[in-house]
Participant: 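The following block contains the structure, expressed as structure tokens.
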Amino acid sequence: PALRADVVTIFPDYLAPLRLSLIGRAAQTGILDLAVHDLREWTHDRHRTVDDTPYGGGAGMVMRPEPWGEALGALVPPGTTPVPRLVVPTPAGRRFTQAVAVELAAEPHLVFACGRYEGIDARVAADAATRMRVDEISIGDYVLNGGEAAVLVVLEAVVRLLPGVVGNPESLTEESHAAEHDGLLEGPVYTKPPVWRGHEVPPVLLSGDHGAIGRWRREQALERTARVRPDLVPVPVAGRGLDGLT
Ligand SMILES: CN1CCN(Cc2ccc(Cn3ccc4ccc(-c5n[nH]c(N)c5C#N)cc43)cc2)CC1
């Protein structure tokens, strides 16, 4: 497979959507080798306890290190090659971007540690870092209850970049946040009918004039980006083209 992905979680059913559609097909065609594991497999007490109270006080509970240490030891036994990258979603992680997705898509083996409660005992990542690369990432500046939704996001963004997963590879570069598109947002898209509820498709798109169409689309992308995400609009650099984009 192009990518092996192990996901460890106390809510394995939460990752069921990965069996569907794009990622499901990638798994079936052998491009992706996905395995979801229940952390409680690596507990030994009657209540299969995975959490405990935080040292230093504070609200909530913290995930105990022992089950995680055993889980990661079982999934990545000493001497495993290639050494996987451990991806740990956390509110305190580095921002997950398309560039990070491209980076992760180049890895042969990813292990995802889904935390819950207030997070995982910090020694788990510290201990793993002695044997593998540990990447603490956040999918955005909002608060979730655990890492599972983040893994769904990260895996979708990563798997769609693998060769053979997306039917039309050009669609991977023409869209927003792809470096080839200068990081601009993509503009509006249209399909038949040419008029729908009185709304016309912009005539230039029906003109067959591909130069004009390309200019119009760039103008639309610039306009939309300036309106919705001014932070993404490149500033003109002295000595470069007029719009700083050429
Ligand atoms: C007093 N305050 C001090 C700040 N903490 C912060 C805090 C700590 C844990 C949780 C819940 N949680 C547990 C594991 C886990 C993984 C990812 C994410 C996550 N949230 N948002 C993203 N973009 C995420 C990603 N990726 C959340 C997670 C929520 C909030 C709360 C208490």
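Fair warning: this is a prediction, and the values are worked out from it, not measured in the lab. Read the numbers this way: they start at 1 and go in the same order the structure lists the ligands and their atoms. Along the sequence shown, residues carry numbers from 1.
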Participant: Please identify each residue that fulfils side-chain hydrogen bond (donor to acceptor under 3.5 Å, both in side chains) with Arg123, with sequence neighbours left out.
Facilitator: Asp121
Participant: Please write down residue, atom name and distance for the protein heavy atom closest to atom 21 (N) of ligand 1.
Facilitator: Tyr142 O, 2.6 Å
Participant: At under 4.0 Å between heavy atoms, is it the side chain or the backbone of Asn145 that contacts ligand 1, or both, or neither?
Facilitator: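 The answer is the backbone.
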Participant: Does the salt bridge (charged side-chain N to carboxylate O under 4.0 Å, His left out) test come out yes or no for Arg218 and Glu223, once each step is laid out?
Facilitator: CA-CA 8 Å; Arg218 186 157 205 82; Glu223 186 276 326; over 6 Å; no
Participant: Of the backbone atoms (N, CA, C, O) and the side-chain heavy atoms from C-beta on, which set of Pro89 has a member under 4.0 Å from an atom of ligand 1: side chain, backbone, both, or neither?
Facilitator: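 Both backbone and side chain of Pro89 come within 4.0 Å of ligand 1.
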Participant: Kindly check if the number of other-residue, nucleotide or ligand heavy atoms within 6.0 Å of NE2 (His210) is above 12?
Facilitator: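 No, NE2 of His210 has 12 or fewer neighbouring heavy atoms, counting only those of other groups under 6.0 Å.
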Participant: I need the contact type for Arg116 against ligand 1. Using non-hydrogen atoms and a strict under-4.0 Å cut-off, is it side chain, backbone, both or neither?
Facilitator: backbone
Participant: Heavy atoms only, cut-off 4.0 Å: how does Ile137 contact ligand 1, side chain, backbone, both, or neither?
Facilitator: backbone
Participant: Compute the shortest N/O to N/O distance between Gly140 and ligand 1 and return yes if it is under 3.5 Å, no if not.
Facilitator: yes
Participant: Of all the non-hydrogen atoms in the protein, which one sits nearest to atom 27 (C) of ligand 1, and at what distance?
Facilitator: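 Result for atom 27 (C) of ligand 1: Leu144 O, 3.5 Å.
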Participant: Do Thr90 and Glu136 have side-chain atoms, one donor and one acceptor, less than 3.5 Å apart?
Facilitator: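 No, no side-chain donor-acceptor pair sits under 3.5 Å.
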Participant: Going by heavy atoms in the side chains, are Leu32 and Ile23 under 4.5 Å from each other?
Facilitator: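 Answer yes - side chains close enough.
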Participant: Should the proximity of Ile139 to ligand 1, defined as any heavy atom under 4.0 Å, be assigned to the side chain, the backbone, both, or neither?
Facilitator: both
Participant: When you look at CD of Glu70, are more than 12 heavy atoms from neighbouring residues, nucleotides or ligands closer to it than 6.0 Å?
Facilitator: yes
Participant: Can you tell me if Asn145 has over 12 outside heavy atoms packed within less than 6.0 Å of its CG?
Facilitator: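 Check fails, neighbour count at 12 or below.
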Participant: Nearest protein heavy atom to atom 7 (C) of ligand 1: under 4.0 Å?
Facilitator: yes
Participant: So does Arg48 get a backbone contact from the side chain of Arg40, meaning a donor-acceptor N/O pair under 3.5 Å?
Facilitator: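 Pair found, side chain donor or acceptor close to backbone of Arg48.
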Participant: Check each atom of ligand 1 against the heavy atoms of Tyr117 and keep those under 4.0 Å away; list them by number with element.
Facilitator: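 Per the distance check, 9 (C), 10 (C), 11 (C), 12 (N), 13 (C).
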Participant: Students should be able to answer this: which protein heavy-atom is nearest to atom 30 (C) of ligand 1, and at what distance?
Facilitator: Val143 CG1, 3.6 Å
Participant: Could you verify whether a donor N or O on one side chain and an acceptor N or O on the other, from Asp33 and His109, lie under 3.5 Å apart?
Facilitator: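 Per modelled atom types, Asp33 and His109 side chains form no pair under 3.5 Å.
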Participant: Judged by non-hydrogen atoms, does Gly93 sit under 4.0 Å from ligand 1?
Facilitator: no
Participant: Counting only heavy atoms on the protein side, is anything nearer than 4.0 Å to atom 17 (C) of ligand 1?
Facilitator: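 For atom 17 (C) of ligand 1 the answer is yes, since some protein heavy atom falls inside 4.0 Å.
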Participant: Would you say the side chain of Val154 lies within less than 4.5 Å of the side chain of Ile139, judging by non-hydrogen atoms?
Facilitator: yes
Participant: Determine whether any protein heavy atom is located less than 4.0 Å from atom 2 (N) of ligand 1.
Facilitator: no
Participant: Does the N or O separation between Gly147 and ligand 1 drop below 3.5 Å for any pair?
Facilitator: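 No, there is no polar N/O contact under 3.5 Å.
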Participant: Show which atoms of ligand 1 fall inside a sub-4.0 Å distance from at least one heavy-atom site of Glu118.
Facilitator: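 Those qualifying, in numeric order: 8 (C), 9 (C), 31 (C), 32 (C).
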